Amino acid sequence: MAKNKILSRLGVGSPATALSRRGFLISMTAAGVAFGFPRDAMAAMDPQAADGIPIEAVGDRFEPTMWYWIDTEGRVNVNIIRAEMGQHVGTAIARILADELDVPWDDVRITHVDTAEKWGTMVTGGSWSVWQSWPVYRQAGAAGRTALIEAAAAQWGVDPATCTARDGTVTGDGKSITYAELVKAGIDRSFTEEELAALPLKAHSDLRLVGKDVTALDIGNKTNGKTIYGLDAKIDGMVYGIPMLPPTRLGSSVASVDDSAAKDIKGYLQTLTLDDPSGTVPGWVVVLGETLFAAKSAADLITVEWNAGETAGVSEADIQARSRELIADAASGAILPTETPDTTQAFQDAADTLEAEYTTATVLHFQMEPLNATVFRNADGVWETHAGNQWQSLILPTLSAALEVEPDKIVMRSYMLGGGFGRRLNGDYIVPAALASKQLDGKPVKLVFMREHDVQFDSVRSPSVQRLRMAFDGENQVIGMDHDAAAGWPTGVMAPSFMPKGVNDQPFDVFAIDGADHWYSVGAHKVRAIENELANQTFRPGWLRSVGPGWTNFAVESFMDEAAAKIGVNPLEFRLKHLIAEGYNAGTAPDSVGGASRQAAVLERVAQMSGYGTADLPADTAIGIATTFGQSRQMPTWTAGAVQVHVDRGTGTVEVQKMWLAFDCGTVVDPDSARAQCEGAALWGLSMALYEGTEFENGNVRDLNLGGYTPLRMIDTPPMEIEFIDSTEVPVGLGEPGTTVVAPAIANAIQAAVGVRLRHLPMRPDDVLAALKA
C-alpha cells in the first residue's frame, strides 16, 4: 500500500478552529515571511512592525482552491501545511504552484497555516513534502490559470483556447490584462475534485521556475533575525516552567515534593505535580517562575521522590538481548509482501550460505533548539499551543485527551523549527505545558526544556539487531535471502493505525523496516519486521532522519559486499548483476518508473565519479560503495554513495577523505535546497557512522549533553561531490536518502583498506582496533 494511502487511513480526526483575524498570522513581506500575532491575541510581535501585510489590508481576492489566493495587487499567497525547519519547504512548494499558475516569482508569498480540519493530515516527515505536494499544487495552479484565462476571454468575447497566460498576464486577440486587474473585476469560479484532476498541466519543457535558481522566500527573515521560533514566543501574563523528569519514561509516580529550599528564590511561584489523563507524561513535576531563570534556579533546589516504573534497571544490552530472542523465534514479527516471501525451499536447496548479524546503538536527535511549548486558553475558550511541530494531526488527539476538551477547542500555532529531524513529529513536549496551564485555569505557561531534559525525554532512534542470510546454488548464484530486523517501533507506539499488515496478517512499522525490501533480484526474499516491546516500554522510539533505512541499509549494503567477497566477485559487479528491472523490481508509474535500472544507473555514476576500483591509493586507504533507494519502495529516491577512507592501524582512527553521492530524485524542484539537503543528510550519515551513539543505563540514556555525546565536528567534515541525474519523472524526497548510504560505504571501505569487517554502528576507533587485533 502506498504511503500516501496509508497516511490517509489516519485521517485528521482532530478538527481545530479555522483561521480567523484573531488567529495566528504569518505576514507577507518582500523578503519572505515573518511570524507574529495580532495585538488582540496577546501578540509577541506586531505584524506591521515587520513590514507585513495584515489580513485586514488584503482586500478582495480570488481563491481558486484553498491552497492559495491572488489579491487585487497581483500578489499570490500560497498556504503551506508543512513545517519549516531549514529546508525551505515553502519555497519548493510555492514554486510548483507559481510555475503552473505562471506568475512572477517576486509576487509570491507563503503562509504556514494553523491547524484546521480543512487542511487534512498535517505532517512533515518521511521526505514526503514535495512528493505529495507536486500533484496537488500543480492542479491548484492550473485551476487559477484556467479561471483567469476564462475570465479574460469572457471580457473580450473570444474563445479561451485563443488566449495564453504568462508572468501574471493573460494575452489574446491582440489584448492583454493582468491577473490583478482580473481579480479587481471579480472572478467567481470554483473547481470540483473531478475538474481539478482533468485540468491539463504544462509540459515539463514549459516549466520556468521548477529546477531553476530562485531566491528562497524565507531567507531574508532567517538571516535578519525577524523569523520567530518557539523559544521566541511571548504571551502577555505568561509564566515560565521547567520540567523535572521522573526516573522512567513510563510508569513513574510522584511520592513527595519538597520545595522549601526554593521559596527564597526571587520570582519562584510554585511547583505542580501533573495529572495527565492522556498518559503521556506520568510522574512529571513542573516548576513555575516569573522568569525562566527563577524557575531554573528553583528547580535546582527542589527535591522530588519518585516511585519508578518497571524499566528503571533496563540497559542497552537488555534491549539488544531481547531483540536476539525475538529474531530466534521464527513465529515472531510480520513478513513483508515481497514477490516470493517463502525462502524455505531456497535454503533447503542451497549449496552454500552466508549469515551475518548487524547492530546499531541508540541515536539522539540533539536538535539545536531545545524542546519548548507555550500553551494557554484564549478569550474565546479555545486552547492555543505555540510551538514548532512536524505532525500536528498526531498530537491533537493526545492534547484533547490531556486537556479533556473536544479537538475543536484546540488550535496549534505553527512556528519555524530550530531543528526537527523527526523529533518534533512526536509533539509530546506540548502536553506538559498544556497540563500546567490547565492547572492554572488557562493561564499562559511557557515550558522550556534544558538540554538534559530534552535529551532524557528524546524520542530516540531505537537500537537495533538484524540477522541476514543468503543462499547460493552450486554455481554461486543467489537463490534466496532472509532479513530479520528487530527494534523499537515509533509508529507502533504512536500511530498504530498507520501500519499495514504483512502476508502473515501481522502489522508492521514501515519506518522500522523500509530498505530491507530492496530492489535486488535475489530469488526468494523474506523480510521479517519484529517489534521489540522492551524497547517500547523503556523509551518512546522516534523517527530520526532516515528512520529504518538508517540501519536496514547499513546491513543490506554491508552484506552485499560480504556476499561478493564470499564468491570472489567485485562488489560493484555483484550489485549491478542483481539490479534487474524485472517483475517485482521493474517499477511502476508514476513514482518508481524504471525500477532497479535507475538504481543501477546511480551506482554506475558514483563509481565513475569516485574512480571506484581504478584509483591508485596509498596503503590502508580505500573507497567503499553503497546504494539505496531511500526512503521507501513506494517513493524511491535512487541513491548511491562512495567514500574514501584512510585507517590508522595504530589508533584505529578512520579518516574520511572524500565522499561522492549521486541521486535520481526525478524532477529536481529546488536545486539549491536539494543540494543542501543531500549535503546535510550525508554528513549526518557520516556522524552516525563514526561518532554518534549512546546507550541505555538504568532505564535512561547515558549521555545527556554534548560533552559526552560527540557528533561530527566541522574539522572532520570531508569534501563532497554531489550529482543529480537529469530526469522529468515525478519529484521524490531528498531530506533523508543521503543519510542511508554513508555508513555501509564506510564499512565497506574499512574492509577494503585493512581487511576487517565492522558490523556495529557507530564504528569508533576502539572497535577498529579490536577488529584488527582479533
Side-chain angles (χ1 to χ4, degrees), residues 238-315 364 370-375 398 401-403 426-441 443-460 537-540 694 696-705 707-708:
M238 76 181 186
V239 297
Y240 292 83
I242 292 287
M244 298 183 70
L245 272 60
T248 56
R249 178 67 179 78
L250 297 173
S252 291
S253 61
V254 176
S256 65
V257 177
D258 182 359
D259 69 343
S260 57
K263 290 181 177 178
D264 291 334
I265 297 295
K266 183 179 180 180
Y268 167 62
L269 296 173
Q270 66 182 111
T271 298
L272 304 176
T273 298
L274 301 185
D275 178 18
D276 182 10
S278 75
T280 305
V281 286
W284 273 49
V285 169
V286 171
V287 181
L288 300 178
E290 295 175 356
T291 65
L292 184 61
F293 181 77
K296 176 65 170 66
S297 299
D300 291 340
L301 298 175
I302 292 171
T303 301
V304 181
E305 292 185 2
W306 281 279
N307 300 311
E310 295 179 355
T311 60
V314 173
S315 69
L364 302 168
L371 299 176
N372 65 88
T374 303
V375 180
T398 304
L403 291 169
N426 179 8
D428 52 0
Y429 50 93
I430 305 173
V431 173
L435 292 170
S437 178
K438 178 183 175 183
Q439 285 191 226
L440 300 181
D441 196 28
K443 184 179 181 65
V445 174
K446 181 173 184 175
L447 186 70
V448 178
F449 289 63
M450 297 295 104
R451 180 62 70 191
E452 290 80 6
H453 303 142
D454 183 313
V455 174
Q456 185 177 336
F457 193 53
D458 194 8
S459 290
V460 303
Q537 293 162 6
T538 305
F539 56 91
R540 274 291 160 266
T694 188
F696 273 84
E697 296 177 350
N698 299 318
N700 281 303
V701 291
R702 178 189 60 220
D703 302 298
L704 297 180
N705 215 319

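Both backbone and side-chain heavy atoms feed into the values below; hydrogens, waters and symmetry mates do not. Keep in mind it's a predicted model, so treat the numbers as computed, not measured.
Ser297 places a side-chain N or O within donor-acceptor distance of the main-chain N or O of Phe293, the cut-off being under 3.5 Å. Under the 3.5 Å distance criterion, the side-chain polar atoms of Thr248 are matched with a main-chain donor or acceptor of Gly309. Side chain of Lys446 to main chain of Asn372: no donor-acceptor pair is present (N/O by atom type, distance under 3.5 Å, no hydrogens or angles).
Between Thr291 atom OG1 and Leu269 atom CG the span is 9.0 Å, to the nearest 0.5 Å. Gln270 contributes atom CD, which lies 5.5 Å from atom CG of Leu440 (distance to the nearest 0.5 angstrom). Taking OG from Ser459 and CG from Asn426, the interatomic distance works out to 4.0 Å, rounded to the nearest 0.5 Å. To the nearest 0.5 Å, atoms CG (Asp259) and CD1 (Ile302) are separated by 5.5 Å. Separating the CD atom in Glu310 from the CG atom in Leu250 is a distance of 10.0 Å, to the nearest 0.5 Å. Separating the CG atom in Leu403 from the NZ atom in Lys438 is a distance of 6.0 Å, to the nearest 0.5 Å.
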Kindly determine whether Asp454 and Leu371 satisfy side-chain contact (heavy atoms from CB on, under 4.5 Å), including the steps that lead there. CA-CA 6 Å; Asp454 183 313; Leu371 299 176; 3.5 Å; yes
Could you walk me through whether Lys263 and Leu301 satisfy the side-chain contact (heavy atoms from CB on, under 4.5 Å) test, starting with their C-alpha distance in whole Å, then the side-chain angles of each, then the deciding distance to 0.1 Å, before giving a yes or no? CA-CA 9 Å; Lys263 290 181 177 178; Leu301 298 175; over 6 Å; no
Hey, mind stepping through Asp275 and Leu435 against side-chain contact (heavy atoms from CB on, under 4.5 Å) and telling me if it holds? CA-CA 7 Å; Asp275 178 18; Leu435 292 170; over 6 Å; no
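Within the 4.5 Å cutoff, side-chain heavy atoms of Val254 are placed close to those of Thr273. Residues Arg451 and Leu704 have side chains not in contact (no heavy-atom distance under 4.5 Å, counting atoms from C-beta outward). Counting heavy atoms from C-beta on, the side chains of Asn705 and Val455 never come closer than 4.5 Å. Between Lys296 and Met450 there is a side-chain heavy-atom pair separated by less than 4.5 Å. Between Pro247 and Asn307 the shortest side-chain heavy-atom distance does not fall below 4.5 Å. Residues Leu292 and Ile242 meet the side-chain proximity criterion, which asks for heavy atoms closer than 4.5 Å. A heavy-atom distance below 4.5 Å is found between the side chains of Thr538 and Phe696. Looking at Pro444 and Val239, their side chains never come closer than 4.5 Å, going by heavy atoms from C-beta outward.
Across every non-hydrogen atom of Pro432 and Leu447, the tightest pair is CG-CD2, 3.5 Å. Closest approach of Gly289 and Ala295 over heavy atoms only: N-CB, 3.8 Å. Minimum heavy-atom separation, Ser437 to Lys443: OG-O, 2.7 Å.
For the pair Arg249 and Asp428, the salt-bridge criterion is met [side-chain N within less than 4.0 Å of a carboxylate O].
With ring centers used as reference points, Phe449 lies 6.0 Å or more from Tyr429.
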Donor-acceptor contacts, no H, no angles, side chain residues 278-288, under 3.5 Å, sequence neighbours left out:
{"unit_1": "Ser278", "atom_1": "OG", "unit_2": "Asp276", "atom_2": "OD1", "d": "2.6"}
{"unit_1": "Ser278", "atom_1": "OG", "unit_2": "Asp276", "atom_2": "OD2", "d": "3.2"}
{"unit_1": "Ser278", "atom_1": "OG", "unit_2": "Thr280", "atom_2": "N", "d": "3.4"}
{"unit_1": "Ser278", "atom_1": "OG", "unit_2": "Thr280", "atom_2": "OG1", "d": "2.7"}

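Checked against side-chain contact (heavy atoms from CB on, under 4.5 Å), Thr303 has the following partners two or more places apart in sequence or in another chain: Asp258.
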